[in-house]
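Read through the structure below, which is laid out as structure tokens, and then see the notes.
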Amino acid sequence: MPDIQANVRANIRVRFAPSPTGYLHVGGARTALFNWLFARKMGGKFILRIEDTDLERSSDEMVRGILEGMEWLGLDYDEGPFYQSDYADKHRAAAYQLLEGGQAYRDFAPKQERPQRDDATIKQDIAKEKVVNPYRDFPKEESDARAAAGEPFVIRFKVPEEGKTQFEDAVFGLQERDYKDTEDLVLLRSDGHPLYNLSVVVDDIEMGITHVIRGQDHINNTHKQVLIYQALGAKLPQFGHLPLILAPNKGKLSKRKHGEIVSVTTYRDSGFIPDAFLNFLALLGWAPKEGETAENQEIFSREQLIELFSLEGIHKSNAVFNFNEGDARNWTDQKALWMNAEYIKTWPPEKLLPLIKPELQKAGLWRDEYEGAQKAWYENTIHLLRERARTLLDFAAHGRPYFVDDLSFEFDDAAVKKNLQKEPAPKTLLPELAERFAALTEFTHDSTEAALRAFAEEKAVKAGLLINAARTALTGQAVGPSLFEVVAAVGQKRAVERLKHAAGMI
RNA sequence: GGCGCGUUGGUGUAACUGGUUAACACGCCGCCCUCUCAAGGCGGAGAGCACGGGUUCGAGUCCCGUACGCGCUACCA
């Protein structure tokens with residue numbers, strides 16, 4: 001017997017349809033993610049379509065930003081990218097089909113200057129003025145004649161007077177809207193250019209989209225689109241509207257207001273592991289069913305997310321993305337940062353190492369031996385650093401003393417004061433300690449620890465004093481891994497050198 | 001203004017078809033560990049579920065109202 005369920009699932013087709021604004025913002029990324037998860041979960045197809053019907057605002061450059069973001073996040077699409085502008089003829093044909101069918105009409109009124117998007121008071125005034133369009137019931141012959149005479153017009157959808165649109169939303173449930181609350185939207189501009197709501201519907205029908213998963217800010221558009229679906233005689237897809245991701249001030253995310261912080265490339269460039277960012281995004285507005293996860297689990301691999309994802313788990317209320325641009329350390333949502341650190345700490349080396357290499361290369365710290373003769377040493381050093389890293393950038397920043405042979409790393413002022421200069425002992429003891437280290441035939445964590453502790457006892461100083469002084473001498477820092485791990489990683493020659501050098505700084 | 005949607009600690013979320021002191025994660029504070037910082041372990045503060053009124057033996061969970069927030073309201077997408 002054929003597996004009917006599997007067949008139904010395999011036919012599921014979803015799409016992510018961003019407009020090319022030059023970058024993929026976190027809200028868009030989450031929409032893409034949810035579509036992708038749904039498609040992967042159901043064994044359906046995930047399609048990318050660029051909504052570039054507003055040609056003035058589109059360019060290759062703008063599209064590239066979207067593609068880059070998708071690629072970084074690893075959201076691979078099965079079809080596309082398609083460009084909506086390539087199908088303008090079809091959209092126009094649909095508009096004329098509706099005109100012929102009497103479901104749309106020509107509006108000869110001259111274009112009005114519109115107020116700025118954010119000028120709410122003017123908008124309100126316009127809304128009050130809204131009256132029945134005089135061309136709505138214009139005689140067909142006259143309309144045809146004026147069009148034939150070359151008079152410019154737009155094609156508007158003729159929203160019926162009585163009744164309401166309705167659809168069952170996968171997230172918000174039954175949605176209804178009275179026809180009288182929907183204006184006669186423009187389908188085709190006076191220059192023949194098709195507009196968004198028309199293009200979307202025609203494309204979604206054409207592409208066989210079964211589930212439209214998009215931001216909640218589209219709910220009003222959906223009512224308009226339902227009208228177009230019906231006028232075109234097409235079956236409605238399943239709609240699912242996602243809650244919005246809000247800025248810390250609870251307003252809408254926007255590049256203009258919030259800058260680069262809302263672009264996913266910022267997270268890539270700031271050393272996020274894509275899976276960590278995806279994990280964080282997935283939990284913004286969605287949660288797995290209780291009982292299907294491990295106790296207190298917050299970390300989910302891609303595979304687990306796919307396994308656990310369901311439309312039912314999506315929330316209705318908006319989520320705040322708590323970034324904090326002014327703060328150098330906690331510049332973005334702390335949970336995202338924590339999650340990234342978790343990934344860095346626990347990811348298998350074969351996945352982590354390829355992400356660190358480019359960072360070291362950028363900083364001029366990379367050597368090919370790290371993948372050859374020095375492989376074991378390198379991996380051990382990375383292991384040391386990963387415990388304290390929050391982003392991939394930290395490997396180059398904190399790792400410099402481990403990767404350079406000379407003294408071309410920073411000495412932190414506070415560390416020098418506290419660990420080297422505060423007490424008089426280091427000045428005389430550090431050179432002596434250097435000699436002890438130089439004399440060791442076996443130079444390991446344990447042998448250096450034994451040597452240092454014996455030396456401290458001999459000189460009647462606390463081991464901690466020497467340990468902290470040595471850490472600053474070797475790394476320039478007051479904080480870092482256990483000293484003897486550092487000593488072993490830095491090696492005998494460099495350790496001896498740096499201990500002597502530090503004494504000279506005092 | 002109109003239409004729509006939402007409201008659980010600072011943030012993200014949980015709480016089966018209403019049933020004992022509202023749970024978890026991040027963050028915060030403290031303690032332990034310790035050579036520092038992290039990590040880790042343990043503990044703590046922080047919401048009585050926007051507010052008001054109902055229904056009920058019993059409501060965060062159902063109903064009504066109010067407030068607040070958000071979204072949409074283009075010949076943009």
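In this text, all values refer to a predicted model and were calculated from it rather than measured experimentally. Chain letters run A, B, ... following the sequence lines, proteins first and then strands; every chain starts at 1.
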Q: Considering only NZ, NE, NH1 and NH2 on the basic side and carboxylate oxygens on the acidic side, decide whether A:Glu458 and A:Arg436 come within less than 4.0 Å.
A: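 The answer is yes: the pair qualifies as a salt bridge.
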Q. Is the shortest distance from a Lys or Arg side-chain nitrogen in A:Asp203 or A:Arg15 to a carboxylate oxygen in the other one below 4.0 Å?
A.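 The answer is no: the pair does not qualify as a salt bridge.
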Below 30° counts as parallel, above 60° as perpendicular, anything between as tilted: where do the rings of [X] and [Y] land?
| X | Y | result |
| --- | --- | --- |
| A:Phe272 | A:Phe277 | perpendicular |
| A:Phe280 | A:Phe321 | tilted |
| A:His91 | A:Tyr87 | tilted |

[N] phosphate, OP1 or OP2, under 4.0 Å from [X] side-chain N/O:
| X | N | value |
| --- | --- | --- |
| A:His315 | B:U13 | yes |
| A:Lys180 | B:G2 | no |
| A:Thr53 | B:A77 | yes |
| A:Arg214 | B:A77 | no |

For [X] and [N], what is the distance between atoms [atom1] and [atom2] respectively, to the nearest whole Å?
| X | N | atom1 | atom2 | result |
| --- | --- | --- | --- | --- |
| A:Phe321 | B:U13 | CZ | P | 13 Å |
| A:Ile219 | B:C72 | CD1 | P | 12 Å |
| A:Gln216 | B:G6 | CD | C1' | 8 Å |
| A:Arg386 | B:C37 | CZ | C1' | 18 Å |

Q | Dot-bracket encoding per residue of RNA chain B, Watson-Crick/G-U cut-off under 3.5 Å, | denoting interstrand | A | (((((((..((((.....[...)))).(((((.......))))).....(((((..]....))))))))))))....
Q. Mapping A:Ala319 and A:Leu483 onto RNA chain B by nearest heavy atom, which one lands closer to the 5' end?
A.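 Nearer the 5' end of the strand: A:Ala319.
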Regarding [X], tell me which of base, sugar-phosphate or nothing describes its non-hydrogen contacts under 4.0 Å with the strands shown.
| X | result |
| --- | --- |
| A:Pro110 | base |
| A:Val154 | base |
| A:Ala287 | sugar-phosphate |
| A:Pro481 | base |
| A:Gln175 | sugar-phosphate |

**Q.** Rounded distance [0.5 Å steps], NZ in A:Lys252 versus NE2 in A:His25
**A.**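 Interatomic distance, A:Lys252 NZ to A:His25 NE2, rounded to 0.5 Å: 7.5 Å.
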Q. For B:G65, does the O4'-C1'-N9-C4 (purine) or O4'-C1'-N1-C2 (pyrimidine) torsion place it in syn, i.e. within 90° of 0, or in anti?
A.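 Glycosidic conformation of B:G65: anti.
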(Q) What's the closest nucleotide to the side chain of A:Glu290 if the choices are B:A38, B:A14, B:C76? (A)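 Looking only at heavy atoms from C-beta outward on A:Glu290, the closest nucleotide is B:A14.
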(Q) Could you check whether the side chain of A:Lys345 and the base of B:A39 have a donor-acceptor pair of N or O atoms closer than 3.5 Å, going by distance alone? (A)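 It does not, because no donor-acceptor pair links the side chain of A:Lys345 to the base of B:A39 below 3.5 Å.
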(Q) For B:A77, does the base pair up with any side-chain atom of A:Asn221 as donor and acceptor (N or O, under 3.5 Å, distance only)? (A)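 Yes, a donor-acceptor pair under 3.5 Å.
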